[in-house]
Every structure is written in C-alpha cells, then in structure tokens.
Amino acid sequence: SKFWSTIWHRNVTIPRLQDLHQQIDTQQWRLPFPMEDWVPTVEDFTAAAQRNAGSAAGCDGWTGAEMAAMPTEVFDTFLALVRRWSAKGTWPKVWNDIRQVHLRKNPGFGPVYAKDLRPIAVLSIWYRSLISALTRNPLLQTWLLGVAPRACHEIGRAHV
C-alpha cells in the first residue's frame with residue numbers, strides 16, 4: 001500500500017492531457033450534427049454492403065456474403081427501420097454486443113505475448129455497413145474533423 005500510494009497519488013502534469021480534459025469538461029467538441037436526415041441513401045448503403053462481401057459474421061450471425069447478396073429492397077426496408085429507431089432513440093440490442101478476438105500477427109502454435117496479437121472487434125455486419133456508409137459522406141467527414149478533438153484524428157504525431 002505504501003509503495004503503490006506513491007504511484008497512485010503522484011503529481012503528473014501533462015499539458016496536452018489537460019487540454020483534452022478541458023475540451024471534455026466544457027463539451028467544446030459537442031456541436032450539433034449538420035444533417036437533418038443522416039441516414040445514408042439506399043445506394044450508399046448497398047455499396048457499403050458490397051464492400052463487406054468478404055467480411056466475417058458479426059455477433060448477430062449475418063455474414064458479409066449474405067448481406068451483399070440481398071436485393072436493394074431489403075436495404076430500403078432496413079433504412080426505414082433505422083429512421084424509426086433513430087426517431088425513437090431505440091436501437092437493436094445486438095448492436096450493444098461487441099466480441100473481441102485476438103489473432104496472431106504471425107503464424108504459429110502455442111502461447112504468445114500480447115504484443116504478438118492483433119485485437120479485432122466484431123460487431124453486427126448491419127451496424128458496420130450502416131456506419132461505413134455514413135462515414136463516407138463528405139459532409140459528415142467535414143463535421144467530424146471540426147468536432148472531434150485533434151487527438152482523435154491526427155496521424156503521425158504522438159500525443160503524451
């Protein structure tokens with residue numbers, strides 16, 4: 001207890017971390033979403049489903065191949081459901097389920113160190129396709145760059 005209290009209660013000042021906490025405390029990053037109808041078009045959603053054709057099944061059991069083979073009418077019906085769920089603020093419970101698996105970075109058998117594993121989050125293919133279609137919208141991309149703290153989207157710079 002004596003040793004760990006020196007770790008737990010140490011005075012650590014990291015200016016960048018303080019800036020990020022300030023943004024969170026003031027909710028500076030919470031700007032209203034600019035799109036009244038944020039739901040992707042059937043064409044955009046269909047394209048996202050096609051891109052996921054080779055992807056694995058999600059927690060709900062649907063595979064990317066099954067989804068990619070569906071007719072456009074299914075996607076139109078799904079997007080109508082998304083609008084209803086959005087209006088009610090109620091989403092499918094399976095979208096709360098995320099499974100994480102850890103795959104070896106290099107082939108082999110037996111125990112490995114955590115650094116030699118790649119964590120993969122597995123979500124519903126319907127959710128993944130919806131978010132994929134949504135995040136390809138240029139208006140959403142511009143909005144995200146404006147509202148998300150720079151630490152969330154800067155590449156190539158270390159933040160400590």
Side-chain angles (χ1 to χ4, degrees), residues 12 14-105 114-160:
V12 179
I14 303 171
R16 182 68 183 133
L17 188 57
Q18 289 176 323
D19 291 345
L20 293 173
H21 281 294
Q22 176 69 25
Q23 289 178 17
I24 292 168
D25 291 343
T26 62
Q27 296 195 6
Q28 172 182 345
W29 49 274
R30 288 191 181 247
L31 298 176
F33 189 62
M35 299 166 61
E36 188 173 312
D37 183 13
W38 62 270
V39 178
T41 65
V42 174
E43 295 77 20
D44 289 344
F45 188 75
T46 301
Q50 296 298 321
R51 283 190 300 276
N52 284 325
S55 60
C59 299
D60 52 9
W62 289 94
T63 68
E66 291 172 320
M67 192 171 181
M70 292 185 187
T72 306
E73 293 80 16
V74 172
F75 300 140
D76 192 37
T77 302
F78 175 75
L79 293 175
L81 285 172
V82 167
R83 284 186 184 86
R84 283 187 203 163
W85 296 330
S86 179
K88 289 183 174 184
T90 304
W91 300 95
K93 289 188 188 305
V94 72
W95 286 5
N96 294 327
D97 296 336
I98 298 175
R99 304 249 168 101
Q100 187 171 352
V101 296
H102 296 85
L103 304 177
R104 288 175 172 270
K105 292 180 182 177
K115 69 178 180 61
D116 296 324
L117 296 172
R118 179 173 288 112
I120 307 288
V122 182
L123 298 117
S124 161
I125 189 72
W126 291 91
Y127 178 84
R128 293 187 331 236
S129 296
L130 178 65
I131 297 306
S132 175
L134 178 62
T135 55
R136 287 180 178 263
N137 183 312
L139 184 58
L140 176 85
Q141 291 174 359
T142 302
W143 175 77
L144 276 174
L145 290 173
V147 299
R150 291 176 57 118
C152 294
H153 57 80
E154 283 185 343
I155 298 173
R157 290 188 53 196
H159 293 283
V160 203

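Residues passing the side-chain contact (heavy atoms from CB on, under 4.5 Å) test with Arg51 are Ala47, Ala48, Ser132, Arg136, sequence neighbours excluded. Every side-chain contact (heavy atoms from CB on, under 4.5 Å) that Glu43 has, sequence neighbours left out, goes to Thr41. Taking the side-chain contact (heavy atoms from CB on, under 4.5 Å) definition, one finds that Thr77 meets it with nothing, sequence neighbours left out. With sequence neighbours excluded, the residues forming a side-chain contact (heavy atoms from CB on, under 4.5 Å) with Pro119 are Gln100, His102, listed by chain and number. For the ring-ring contact (aromatic ring centres under 6.0 Å, His included) test, residues two or more places apart in sequence or in another chain that qualify with Phe45 are Phe75, Phe78. Listed by chain and residue number, nothing satisfies the side chain to side chain donor-acceptor pair (under 3.5 Å) test with Glu73 (two or more places apart in sequence, or in another chain).
Legend: side chain to side chain donor-acceptor pair (under 3.5 Å) pairs involving residues 85-94, not counting sequence neighbours, sorted by first then second residue: Trp38-Ser86. Residue pairs that meet the side chain to side chain donor-acceptor pair (under 3.5 Å) test with at least one member in residues 54-71, sequence neighbours left out, are Ser55-Arg128, Asp60-Ser124, Thr63-Glu66.
The line from CG of Leu103 to CD1 of Ile120 is 5.0 Å long, rounded to the nearest 0.5 Å. Atom CG of Asn137 sits about 7.5 Å away from atom CG of Asp44, to the nearest 0.5 Å. Leu79 contributes atom CG, which lies 8.0 Å from atom OG1 of Thr46 (distance to the nearest 0.5 angstrom).
Between Arg104 and Leu117 there is a side-chain heavy-atom pair separated by less than 4.5 Å.
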Kindly determine whether Met67 and Val74 satisfy side-chain contact (heavy atoms from CB on, under 4.5 Å), including the steps that lead there.
CA-CA 9 Å; Met67 192 171 181; Val74 172; over 6 Å; no
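Minimum heavy-atom separation, Pro40 to Leu130: CD-CD1, 3.7 Å.
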